[in-house]
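Quick notes on the structure that follows.
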Amino acid sequence: MTTQTLMPDVRPDLRRDVQQPQRAVTSRSAFPVRRALQVGVSLTVLVALLVLVLPSVTGASWESATKALASVSLWQLAGLTALWLIGLWAYSFVLAASLPGLSKGQGFVLNLVGSGASNLVPFGGAVGVGVTWTMARQYGFTHRAIGLYTAVTGIWNLLARLALPLAGLVALLVVGARVSGPMLVAAGVGAAVCALVVALVVAALASDRFAARLIAVLVRAAGSLARLTGRPEPEGLETSLASQRVSAVELLKRGRGGLVVGMLAYLVLQGVLMWACLAAVGSDLGWAEVTAAYACGRMLTTVVLTPGGTGFAETGTAAVLIALGGDPVVSVAGVLLFSFFTFVCEIPGGALAYLWHLGARGWRRQPQSGRRVSECAAG
């Protein structure tokens with residue numbers, strides 16, 4: 001009698017205990033499948049863009065573009081490689097300003113490793129952040145400092161890429177070039193989005209009241225997203241965001257010089273690299289046309305469907321160059337050469353940088369607590 005009375009109460013619990021691990025195993029087994037599907041779709045889109053769309057849009061075949069690339073000499077490749085590396089070094093000033101105590105060498109390595117990891121898979125930004133987060137912890141930085149660094153550099157990069165179309169438009173107007181409707185639309189959209197993001201960021205940093213309202217909206221949105229995905233709602237998010245805002249204000253006041261100068265130098269050097277790549281294959285376009293195409297291409301790298309926006313960026317950049325008077329074959333060859341440095345080379349470069357990181361034992365520090373993150377890493 002007792003056994004029969006207890007069994008109905010016990011069995012549901014036992015079933016739940018068995019079902020929960022089964023659901024966890026199913027979830028874990030489903031993740032590789034979902035990731036494989038994402039990679040498959042991304043690679044399909046990438047191949048279609050480069051093999052079908054790019055030649056169709058530009059009128060230049062891969063065979064003709066390859067012949068133009070074969071004309072680039074070894075000394076030209078060496079010069080382009082040096083220019084690429086100098087640009088990466090300039091960006092290390094942005095990273096050092098975003099994470100006080102980070103050396104330029106560490107920033108250079110973090111940038112290359114993170115970019116290389118991000119370029120391997122679609123939606124790879126999270127992979128790159130995870131790798132660099134682990135490395136920064138090994139340099140002795142706290143989770144709080146790294147989180148602030150990730151947020152500041154992410155917003156800074158987004159603002160720079162959205163502002164570039166406006167810079168390209170200004171460059172064309174300065175030289176009196178004729179600007180087409182699509183170019184005006186792209187520049188207008190980029191400028192509008194950039195202005196909106198800048199306004200939100202500035203208001204959140206300058207006004208305590210606006211920041212509190214924005215944080216409340218973000219917390220509600222995070223809660224709704226958690227409920228939709230069946231995950232627990234984040235605890236202490238409002239307090240954490242408010243604290244991060246205070247730290248961000250202090251960081252921007254202290255490191256605004258490195259952030260501004262470093263980003264400007266990096267963007268200019270990247271633009272010069274594109275001009276040099278085009279010149280190496282025989283292009284005679286001026287700096288204004290190249291700036292406009294470079295701006296369009298950098299904005300398209302924000303497309304996450306393919307790794308680094310590859311395929312979208314090349315097609316859009318080549319189309320702008322041809323619309324502004326560039327030779328189709330030369331334009332495609334120059335764009336592909338530029339992508340070789342800014343995308344392909346970052347993968348083996350990231351691997352070499354990670355080996356540098358492993359060998360630099362002097363960079364290792366125990367993560368410190370407290371606000372003086374500048375004492376967490378040296379040299």
Side-chain angles (χ1 to χ4, degrees), residues 16-17 19-42 45 98 114 117-118 121-134 142-162 189-190 192-249 251-252 299-309 312:
R16 283 194 295 269
D17 292 339
Q19 289 170 355
Q20 286 176 357
Q22 287 177 344
R23 283 196 295 267
V25 171
T26 302
S27 177
R28 286 194 297 267
S29 63
F31 178 77
V33 175
R34 185 166 61 249
R35 192 60 175 168
L37 288 174
Q38 290 178 346
V39 172
V41 171
S42 177
V45 173
S98 304
S118 299
V121 293
F123 308 97
V127 178
V129 169
V131 172
T132 55
W133 194 296
T134 301
T142 63
H143 286 299
R144 176 185 176 84
I146 302 170
L148 183 61
Y149 151 86
T150 302
V152 169
T153 53
I155 293 174
W156 206 243
N157 287 329
L158 181 61
L159 291 177
R161 293 183 184 187
L162 292 177
V189 171
V193 174
C194 181
L196 177 60
V197 175
V198 169
L200 289 174
V201 172
V202 171
L205 295 175
S207 171
D208 294 339
R209 180 178 299 179
F210 182 83
R213 292 178 179 175
L214 182 60
I215 289 173
V217 171
L218 293 175
V219 169
R220 287 196 296 271
S224 300
L225 181 62
R227 288 190 294 272
L228 286 174
T229 56
R231 297 182 178 182
E233 295 187 23
E235 298 180 359
L237 181 59
E238 185 171 359
T239 302
S240 176
L241 289 175
S243 177
Q244 288 280 18
R245 171 187 170 268
V246 174
S247 300
V249 172
L251 176 63
L252 291 172
M299 185 177 70
L300 289 173
T301 59
T302 58
V303 179
V304 298
L305 185 57
T306 59
F312 293 99

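These numbers come from a predicted model, not from an experiment.
- When all heavy atoms of S118 and G128 are compared, the pair lying nearest together is OG-CA, 3.5 Å.
- Here the closest heavy-atom approach between residue W133 and residue I146 is recorded as CD2-CG2, 3.5 Å.
- Between G114 and T132 the shortest heavy-atom distance is CA-CG2, 3.6 Å.
- Judged by distance alone, the side chain of S207 and the main-chain N or O of A203 form no donor-acceptor pair under 3.5 Å.
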